Undergrad: 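One structure follows; several queries about it will come next.
Naming: A, B, ... by sequence-line order, numbering from 1 per chain. All of these numbers come straight from a predicted model, not from anything done at the bench.
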Protein chains: 2
Amino acid sequence: MAAADDNLCCVDSVPRGIDEDQAAVLSAVFSALADPVRLQIYACIAATEEICSCNLEVPVGKSQPTISHHTAKLASAGLIVGERRGRWMWWRVVPGMAEASLHAIRAFAPSP
Amino acid sequence: MAAADDNLCCVDSVPRGIDEDQAAVLSAVFSALADPVRLQIYACIAATEEICSCNLEVPVGKSQPTISHHTAKLASAGLIVGERRGRWMWWRVVPGMAEASLHAIRAFAPSP
DNA sequence: TGTATTCATTGATGATTGTCAATACAATTG
DNA sequence: CAATTGTATTGACAATCATCAATGAATACA
């Protein structure tokens with residue numbers, strides 16, 4: 001019974017995929033991009049040199065606490081950085097962060 | 001009163017960011033990558049030519065229904081495609097899908 | 001035809017999340 | 001110092017999600 005290794009699709013050594021810790025870090029980056037509102041915020045920031053928080057409320061159509069919550073999540077993921085100048089908070093995109101995260105997924109994958 | 005446009009950080013024309021519909025589509029792609037388990041699955045698939053579902057349960061350490069649920073979400077986002085051959089479901093990565101989604105965010109952003 | 005196997009679906013549950021009103025904090029201005 | 005303005009935090013709530021046990025559907029094999 002069973003123990004037949006002929007009609008199995010399975011190989012002996014299964015690929016390990018990503019390290020569990022690294023998967024958690026990477027998922028945080030993509031989680032930050034997984035929300036339509038945050039995507040609009042990120043695109044707004046990427047489309048400008050830098051932009052302050054008050055300029056984000058109108059184009060994305062959300063309340064100020066919501067904007068603050070989303071920018072904090074983008075910043076926590078390392079996708080943007082903020083600098084406080086006076087009363088205003090200015091946001092810039094961290095160049096290459098998103099691309100590096102994508103690249104990390106297939107670090108060991110054979111190139112196409 | 002007010003109407004003082006001197007001490008405002010705001011510009012008149014706020015960047016529109018991404019189209020709302022496109023943001024929904026893109027967020028679906030990144031939502032698919034926003035889970036550690038799905039990242040491991042995606043990496044496992046990317047690391048092989050193609051792999052069948054039964055080979056995914058062991059490396060990610062989840063139950064069969066959970067694996068099926070995750071592969072369905074990755075496929076729904078267009079990141080992988082599945083082909084049924086006999087009893088087995090074989091998965092392949094759709095090349096360039098993730099990169100294209102990233103690129104779409106800054107379609108109109110100035111290059112660095 | 002019947003049995004075993006692989007994958008998909010359903011139902012249920014605990015956890016996470018997006019949102020806003022209210023409030024607190026910080027910094028400029030009078 | 002007091003008032004004003006931009007931002008962050010808290011609390012609460014509805015919605016979504018990840019997970020698994022149980023079940024169903026489809027295919028291969030005897």
Side-chain angles (χ1 to χ4, degrees), chain A residues 1-11 14 20 23-24 27-28 30-42 45 50-58 60-77 80-91, chain B residues 1-11 14 20 23-24 27-28 30-42 45 50-58 60-77 80-91:
Chain A
M1 45 290 305
D5 38 8
D6 270 353
N7 55 351
L8 290 180
C9 73
C10 302
V11 290
V14 283
E20 202 163 330
S27 71
F30 295 115
S31 293
L33 296 173
D35 181 81
V37 172
R38 277 195 297 272
L39 271 184
Q40 293 194 26
I41 291 177
Y42 185 76
I45 301 175
E50 59 184 0
I51 194 173
C52 93
S53 288
C54 61
N55 269 333
L56 293 170
E57 298 180 28
V58 169
V60 308
K62 295 294 173 186
S63 70
Q64 178 270 321
T66 299
I67 299 290
S68 178
H69 165 71
H70 285 316
T71 50
K73 192 154 190 176
L74 285 167
S76 166
I80 63 175
V81 284
E83 179 190 352
R84 184 165 209 132
R85 289 207 291 273
R87 282 190 290 229
W88 294 287
M89 193 68 177
W90 294 88
W91 297 103
Chain B
M1 305 347 84
D5 39 6
D6 270 355
N7 55 352
L8 291 178
C9 74
C10 302
V11 290
V14 285
E20 202 164 327
S27 71
F30 295 115
S31 292
L33 296 173
D35 182 82
V37 173
R38 278 195 297 271
L39 270 184
Q40 293 194 27
I41 292 177
Y42 184 76
I45 302 176
E50 58 183 3
I51 193 172
C52 91
S53 288
C54 61
N55 269 333
L56 293 169
E57 298 179 28
V58 169
V60 308
K62 296 294 173 186
S63 70
Q64 179 270 321
T66 299
I67 300 288
S68 178
H69 165 71
H70 285 315
T71 50
K73 191 155 190 175
L74 285 167
S76 164
I80 63 174
V81 283
E83 180 189 352
R84 183 160 210 134
R85 287 206 292 273
R87 282 189 291 225
W88 295 287
M89 192 70 177
W90 293 89
W91 298 102

Undergrad: Using the side chain to side chain contact (heavy atoms under 4.5 Å, CB included) criterion, which residues pair with A/Ser68? Sequence neighbours excluded.
TA: A/Gln64
Undergrad: Starting from C1' on C/dA8, measure out to CD on B/Glu57 and report it in whole angstrom.
TA: 13 Å
Undergrad: What closest approach, in Å, do A/Ala34 and B/Ser27 show between heavy atoms, and which atom pair accounts for it?
TA: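 So the two residues come closest at O-CB, 3.5 Å.
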Undergrad: Using the test side chain to side chain contact (heavy atoms under 4.5 Å, CB included), find all partners of A/Thr66 that sit at least two apart in sequence or belong to another chain.
TA: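 A/Thr66 satisfies side chain to side chain contact (heavy atoms under 4.5 Å, CB included) with A/Lys62, A/Ser63, A/His70 once adjacent residues are dropped.
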Undergrad: Can you measure A/Trp88 atom CH2 to D/dA8 atom P for me and round it to whole angstrom units?
TA: 14 Å
Undergrad: Who are the side chain to side chain contact (heavy atoms under 4.5 Å, CB included) partners of B/Ala28, not counting sequence neighbours?
TA: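 By the side chain to side chain contact (heavy atoms under 4.5 Å, CB included) rule, B/Ala28 matches no residue at all.
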Undergrad: Encode nucleotides 15-25 of chain D as B, S and - characters from 5' to 3', where the letter depends on protein heavy atoms closer than 4.0 Å: B to the base, S only to sugar-phosphate, - to neither.
TA: --SSBBBB---
Undergrad: Could you work out, with salt bridge (Lys or Arg N to Asp or Glu O under 4.0 Å) as the rule, every residue matching A/Glu57, not counting sequence neighbours?
TA: none
Undergrad: To the nearest angstrom, how far is B/Glu83 atom CD from C/dC7 atom C1'?
TA: 15 Å
Undergrad: Could I get the full list of salt bridge (Lys or Arg N to Asp or Glu O under 4.0 Å) partners for A/Glu83, not counting sequence neighbours?
TA: A/Arg85, A/Arg92
Undergrad: Could you state the CZ-P distance from A/Arg87 to D/dA8, rounded to the nearest angstrom?
TA: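 These atoms are roughly 14 Å apart.
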Undergrad: For DNA chain D, whose closest nucleotide is more 5', that of A/Ile67 or that of B/Arg85?
TA: A/Ile67
Undergrad: Considering every strand and a 4.0 Å limit on heavy-atom distances, what is the contact class for B/Ser68: base, sugar-phosphate, or nothing?
TA: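 The residue B/Ser68 makes base contact.
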